[in-house]
Every structure is written in structure tokens, then in C-alpha cells.
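Here is the structure we will look at, set down as C-alpha cells.
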Amino acid sequence: MVDDKYTIRRATLKDAVDIREVLKTWLIESPHNFGTANNKKLLDNIIFYIRDSFVIVVVNKKNVIVGTLGASLDDTWYTDQKFLRMLWIHVLPKCRNFKVVRSMMVVLTEYAKSIKKPLIIETIQGKDMDRKHKLFMKLGSSFLGGTYGFFI
């Protein structure tokens, strides 16, 4: 539970379309032009991650999804050691605050501990990257590097 306004729970397949609509607002916020959302591809991936990975949602008192986080067990191209990779984290702008994001991250880190895997958070693009960096540092993460892009 986040507070008296919001609750966090594991996503179900019934949530997939609503999660897609929330995540589509993230694309609009991005300062980089990655085009418009492919509704089918986005929905197919959300369904896959709900079934096979870890997806949570933040719901308000009316049971409307206002935020979501997804993570998947993964490895790298150079080793077989598994880790939990955060795929996305997004809260609708009107509901966004530190308490909601922190609560989602607590749920995610507890899940990582329960499966005894390190958690890797990659914020590959978006606005307010400095603010995101400070947020994850405040939550106790270690800074491992960065992702850079040349948009030509």
C-alpha cells in the first residue's frame, strides 16, 4: 500500500490494455522522437511480461491504474549470470510523486531479494534524467554508468 490514495498490486492479464494506455503517455513525454506507439506490439509485450516476469500496477481508490513497473529476469550478452532488469517505471503525471515511485521501487527491491538476484535499473531515455539519477541514488542504488544517444 502506498497511502490512502493508492494501492500497489501485481498486474493481471485483465490489466494489460490499461497498462498499455498508461505507458503510451510515457512516449509522449519523451524528448526523443521514437515515433508513435505500436498498440499491438506494446500490448503483446505487456501480456508476455505479465505472464512470464514481474509487473505491478498502482491503482487509485476507483481501481484505475495510474502507474506501472515491469521487470524481467535477464542476463547479458557476455555472461550467463542472471539479474532482475527493470523494464519500465511510469506514473501518470497528475499522480506522480516521490512516495508513489519509492513505494513501487520498494516492492521491486523486495521481489529481487526474494529471488536472490541483483536488480539493474536502466533509465535509457526520457526527460529530467538528472532528477531520475538523484531519485535512484536517494533510494540507495549504486551508479554503474550511463547510456548515451546520438540522435541524427
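Because the structure is predicted, anything quoted here is derived from the model rather than measured. Below, all heavy atoms of this structure are taken into account, side chains as well, without hydrogens, waters or symmetry copies.
One distance of note links CG of Leu69 with OG of Ser103; it measures 11.5 Å at 0.5 Å rounding. In this structure, CD1 on Ile115 lies 11.0 Å from NZ on Lys82, to the nearest 0.5 angstrom. Remark: Leu108 CG to Met104 CE distance equals 9.5 Å, nearest 0.5 Å. Atom OG1 in Thr68 sits 12.5 Å away from atom CD in Glu21 (nearest 0.5 Å). We find the NZ-CG distance between Lys24 and Asn39 to be 4.0 Å, quoted to the nearest 0.5 Å. Note that OG1 of Thr76 is 8.5 Å distant from CD of Gln81, once rounded to the nearest 0.5 Å.
With sequence neighbours excluded, the residues satisfying side chain to side chain contact (heavy atoms under 4.5 Å, CB included) with Ala112 are Leu84, Leu119. By the salt bridge (charged side-chain N to carboxylate O under 4.0 Å, His left out) test, Arg9 pairs with Asp15, sequence neighbours left out. In this view, Lys40 and Asp44 satisfy the salt bridge (charged side-chain N to carboxylate O under 4.0 Å, His left out) rule, not counting sequence neighbours. Shown here are the side chain to side chain contact (heavy atoms under 4.5 Å, CB included) partners of Phe48, two or more places apart in sequence or in another chain: Asp52. Residues passing the side chain to side chain donor-acceptor pair (under 3.5 Å) test with Arg85 are Asp74, Glu122, sequence neighbours excluded.
Side-chain contact check for Ile89 versus Met105: some heavy-atom pair is nearer than 4.5 Å. Within the 4.5 Å cutoff, the side chain of Thr12 has no heavy atoms near those of the Ile50 side chain. No side-chain heavy atom of Val57 sits under 4.5 Å from any side-chain heavy atom of Asp18.
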Exercise. Assess whether side chain to side chain contact (heavy atoms under 4.5 Å, CB included) is satisfied between Leu23 and Ile46, documenting all intermediate values.
Key: CA-CA 10 Å; Leu23 289 177; Ile46 292 166; 4.0 Å; yes
Exercise. Start with the C-alpha distance between Ile47 and Leu13, add both sets of side-chain angles, then the distance that settles side chain to side chain contact (heavy atoms under 4.5 Å, CB included), and finish with yes or no.
Key: CA-CA 6 Å; Ile47 290 168; Leu13 290 175; 3.8 Å; yes
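A single hydrophobic cluster is not seen to contain both Val64 and Trp26; linkage of ILVMFWY side chains at heavy-atom distances under 4.5 Å, directly or through other members, places them apart.
Residue Cys95 comes nearest to Val100 through the heavy atom pair O-CG2, 4.0 Å, listed as atom of the first residue, atom of the second, then distance. In terms of heavy-atom proximity, Ser72 sits nearest to Ser53 at OG-OG, 3.4 Å.
Legend: ring-ring contact (aromatic ring centres under 6.0 Å, His included) pairs involving residues 51-81, not counting sequence neighbours, sorted by first then second residue: Phe54-Tyr111.
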